[in-house]
Amino acid sequence: MKHTEKTKYSMWRNVGFMVGFARKYRARVLIFCVVIAVLKLGTSLTELYVAPVILGMVEQSAPLSRLLGTIALFTLALFLLNGLRSYAETNTFTSRIEVRSKIVNAINRKSCVTAYPNTLNPEVTRLREKAELATCSNNEATEHIWTTLTELLANLVGFAVYLVLLKDLDPLLMLAVLATTVTGFFINKRINEWGYRHREEESKYEKQLEYLRQKAQSVTLAKDIRIFGLGDWLESIYRSVLGLYEAFLTRREKVYIWANVVDVVLAMARNGIAYFYLIRMVLTQGLPASRFLLYFTAVSGFTAWVTGILSQFSRLHKESLDISCVQEYLNLPEPFRFSGGQPIPAAKAYELRLENVSFRYPGSDCDIIHNMNLTVHPGERLAIVGLNGAGKTTLVKLLCGFYDPDEGRVLLNGRDIRDFNRQEYYELLSAVFQEYSELDITVAENVAQRVEGIDRQRVADCIEKAGLTAMVAALPAGLDTHVGRTVYLDGVQFSGGQTQRLMLARALYKDGPILMLDEPTAALDPIAENDIYQKYAEMTAGKTSVFISHRLASTRFCDRIIFLEHGKITEEGTHEELLNLGGGYAKLFQVQSRYYQEGSEPDGKKI
């Protein structure tokens with residue numbers, strides 16, 4: 001999704017969006033915009049008149065006391081105006097940050113609750129990155145727009161006031177000033193936008209440099225970098241990218257220098273015309289020196305207001321493009337129902353059923369799951385096995401409601417899950433997935449997934465069922481020990497197996513009536529894995545559970561096993577029934593069991 005000039009939201013709709021956010025959360029941001037604009041205009045007018053007024057008094061041989069009093073009056077006015085402006089800008093700063101923070105929160109919430117397919121869509125990912133970039137600092141669009149609007153308001157009012165001040169001058173002079181100002185602006189705009197037009201190239205180099213820096217400092221890759229001697233290789237790549245980036249910056253500065261040349265030439269032409277006209281008025285019309293100074297300063301100020309109007313409109317247009325990305329992301333259409341819907345039926349246990357379900361991932365030309373019919377009975381413990389790519393994890397994602405099937409239906413107690421509020425459906429599920437999602441918080445908070453209202457006894461029970469009691473007891477602060485060292489220096493680093501147990505404890509704490517376990521013991525050693533299996537019946541008591549495992553010995557604890565091949569159920573039954581069947585399951589079990597037979601090689605021959 002390229003950041004083009006044509007966006008879904010117009011500039012004024014984006015301004016309205018920001019104004020609406022400010023009115024809802026910090027209305028004084030808008031008040032300060034007007035106050036600061038008025039103070040800026042007042043300061044400009046005071047500075048405009050101070051020298052001509054004093055010079056006029058000197059021309060009129062005013063008394064020294066009156067001259068000093070006037071100087072003091074102007075000094076006091078400038079002091080008060082600048083002081084009030086500084087006060088207003090300081091006080092509006094935190095309010096502007098608060099408005100931007102509310103937008104950041106809205107983006108983060110959208111990222112957390114948006115439908116799962118959106119999180120894997122590269123177009124949505126790029127849109128989210130652009131929205132995040134528009135909110136990442138004080139100088140980005142969602143905060144800087146208030147400065148732009150303030151400057152634009154001040155310039156518009158200043159333009160009108162100065163136009164009145166200069167009404168007695170020759171219209172041809174004003175046209176000349178306008179022509180040189182507007183010409184200079186658009187030439188400079190075209191030149192200075194070179195960087196904007198090439199922002200994707202610059203962003204590419206910056207991302208590559210940041211990526212390389214992160215990888216070089218990564219704790220995860222630290223061992224590989226040292227064992228394989230990757231340090232010099234990473235440094236050479238970094239230097240190569242840095243060289244390309246420096247070449248880009250050199251090209252940009254060579255272009256930008258022409259903007260300075262144009263500024264100098266047009267400023268000389270504009271000032272030359274103004275000097276010629278005003279000096280002629282002095283010589284032919286007896287224009288006083290004080291009026292000469294006032295008019296010449298006003299002409300320069302008039303030029304600044306015109307340039308400011310054009311510049312701020314241009315800046316507002318660019319900021320609007322970024323804010324448009326924020327709006328597009330926040331208003332991203334959701335493929336699932338997240339409001340309304342039918343209530344989840346109350347039941348002691350739930351049945352899940354796939355009815356003629358077919359599914360393929362976006363961009364794929366073949367089904368991952370093809371015309372599948374499957375019923376997981378209430379309270380049943382179902383195991384799903386098969387080779388890599390057979391569709392096991394995809395099947396679990398369909399049952400969890402992370403995807404909707406392309407054909408067929410997923411039913412909960414006979415009702416299509418698309419009829420329910422999907423978030424309420426998720427509340428039924430407790431799960432352990434292959435990807436971990438632990439946070440750098442305490443053990444108890446990781447298990448309970450909350451900071452307040454934690455049932456510590458329940459946490460302890462879940463820790464016990466997951467086989468972590470002895471390990472947690474040995475930690476410096478027990479359940480209050482921090483996990484990970486990214487945030488807290490006193491945190492502990494869990495092993496892969498310990499983290500997997502922690503995730504299991506988290507699933508048990510939620511205590512959903514449906515339990516989904518996708519390789520929950522992959523990182524455990526055989527003894528620890530057997531310990532989990534022994535507790536499996538207790539964990540799943542009264543729950544409908546689905547269990548994926550590559551270790552077929554674990555499936556004997558389940559009520560039923562389905563064997564998947566190429567997105568279809570090819571075998572179904574208990575562990576013993578599938579072994580007696582002598583099909584794919586039996587062959588896979590035989591291959592795995594050979595590695596555990598004492599004195600056997602992988603091919604089954606005795607040593």
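For the numbers below, each heavy atom of this structure counts, side chains included, while hydrogens, waters and symmetry mates do not.
Between the side chain of Ser364 and the backbone N or O of Cys366, at least one donor-acceptor pair lies under 3.5 Å. A donor-acceptor distance shorter than 3.5 angstrom exists from the side chain of Ser101 to the backbone of Ile97, with no hydrogens or angles considered. Side chain of Tyr509 to main chain of Asp455: a donor-acceptor pair is present (N/O by atom type, distance under 3.5 Å, no hydrogens or angles). Under a 3.5 Å cut-off, the side chain of Arg501 and the backbone N or O of Ala466 do form a donor-acceptor pair. Formation of a donor-acceptor pair under 3.5 Å by the Ser430 side chain with backbone atoms of Ala507 is found in this model. Side chain of Thr544 to main chain of Gly379: a donor-acceptor pair is present (N/O by atom type, distance under 3.5 Å, no hydrogens or angles). A donor-acceptor pair under 3.5 Å is absent between the side-chain atoms of Arg381 and the main chain of Asp559, judged by distance alone. The backbone N or O of Leu411 sits nowhere less than 3.5 Å from a side-chain atom of Asp416 that would complete a donor-acceptor pair. A donor-acceptor pair under 3.5 Å links the side-chain atoms of Lys392 to the main chain of Gly386, judged by distance alone.
Rounding to the nearest 0.5 Å places NE2 of His370 at 10.5 Å from CE of Met372. Rounding to the nearest 0.5 Å gives a distance of 8.0 Å between CZ of Phe17 and CD1 of Ile323. Rounding to the nearest 0.5 Å gives a distance of 9.5 Å between CD of Glu351 and CD of Glu380. The structure places OH of Tyr245 at 10.5 Å from CD of Glu201, a figure rounded to the nearest 0.5 Å.
Atom NE2 of His566 is surrounded by 12 or fewer heavy atoms from other residues, nucleotides or ligands within 6.0 Å. Dense packing is recorded around CZ of Arg213, with more than 12 heavy atoms of other residues, nucleotides or ligands lying under 6.0 Å away. The number of heavy-atom neighbours closer than 6.0 Å to CZ of Arg458, taken from other residues, nucleotides and ligands shown, is above 12. In this structure, Tyr211 places its OH atom where only 12 or fewer heavy-atom neighbours from other residues, nucleotides or ligands lie under 6.0 Å away. Atom CG of Asp490 has more than 12 heavy atoms from other residues, nucleotides or ligands within 6.0 Å.
At a threshold of 4.0 Å, the pair Arg422-Asp404 counts as salt-bridged, since one of the basic side-chain nitrogens sits closer than that to a carboxylate oxygen. Salt-bridge formation is not detected for the pair Glu129/Arg126: no Lys NZ or Arg NE/NH1/NH2 atom is positioned less than 4.0 Å from an Asp or Glu carboxylate oxygen. Arg128 has a carboxylate O that lies under 4.0 Å from a charged side-chain N of Glu132, or vice versa, which qualifies the two as a salt bridge. Electrostatic pairing of Lys543 and Asp511 counts as a salt bridge here, judged by a charged N lying under 4.0 Å from a carboxylate O. We find that Asp480 and Arg456 are joined by a salt bridge, their nearest charged nitrogen and carboxylate oxygen being less than 4.0 Å apart.
When side chains are defined from C-beta on, Val124 does not count as touching Thr114, because their heavy atoms never get closer than 4.5 Å. For the pair Tyr361/Leu120, no side-chain contact is recorded, criterion being any heavy-atom separation below 4.5 Å from C-beta on. In this structure, Arg26 and Lys102 have side chains that are not in contact, with every pair of non-hydrogen atoms separated by 4.5 Å or more. Taking the side chain as every heavy atom from C-beta outward, Val113 and Glu334 never approach each other to under 4.5 Å. Between Pro405 and Val410 the shortest side-chain heavy-atom distance falls below 4.5 Å. Looking at heavy atoms from C-beta onward, Tyr403 lies out of side-chain contact with Thr394 at the 4.5 angstrom threshold. Here the side chains of Phe494 and Asn446 are not in contact, with every heavy-atom distance at 4.5 Å or above. With contacts defined as side-chain heavy-atom distances shorter than 4.5 Å, the pair Ile344/Leu412 qualifies.
When all heavy atoms of Val451 and Glu445 are compared, the closest pair comes out as CG1-OE2, 3.9 Å. Summarising the geometry of Arg13 relative to Lys8, their closest heavy-atom pair is NH1-O, 4.1 Å, with the distance given to 0.1 Å. Scanning both residues, Lys110 and Leu332, for their nearest heavy atoms gives NZ-O, 3.0 Å. For Ala134 against Thr142, the heavy-atom pair with the smallest separation is O-OG1, 2.6 Å. Taking every heavy atom of both residues into account, Gly401 and Ile417 meet most closely at CA-CD1, 3.8 Å. In plain terms, the two heavy atoms of Asn371 and Ser358 that are nearest each other are N-OG, 2.8 Å.
Side-chain contact check for Ser218 and Gln214: no donor-acceptor pair (N or O, by modelled atom type) lies under 3.5 Å. For Glu140 and Thr135, the side-chain atoms include no donor-acceptor pair closer than 3.5 Å. In the model, Asn580 has no side-chain atom that pairs as donor or acceptor with a side-chain atom of Glu576 under 3.5 Å. No hydrogens or angles considered: a donor-acceptor pair under 3.5 Å links the side chains of Tyr329 and Ser111. No hydrogens or angles considered: nothing links the side chains of Asp440 and His482 as a donor-acceptor pair under 3.5 Å.
Between Phe433 and Phe402, the distance separating the two ring centers is shorter than 6.0 angstrom. Ring pair His575/Phe557: centre-to-centre distance not below 6.0 Å.
Among the candidates Leu508, Val459, Leu468, Leu504, the single residue satisfying the side-chain contact (heavy atoms from CB on, under 4.5 Å) test with Val447 is Val459.
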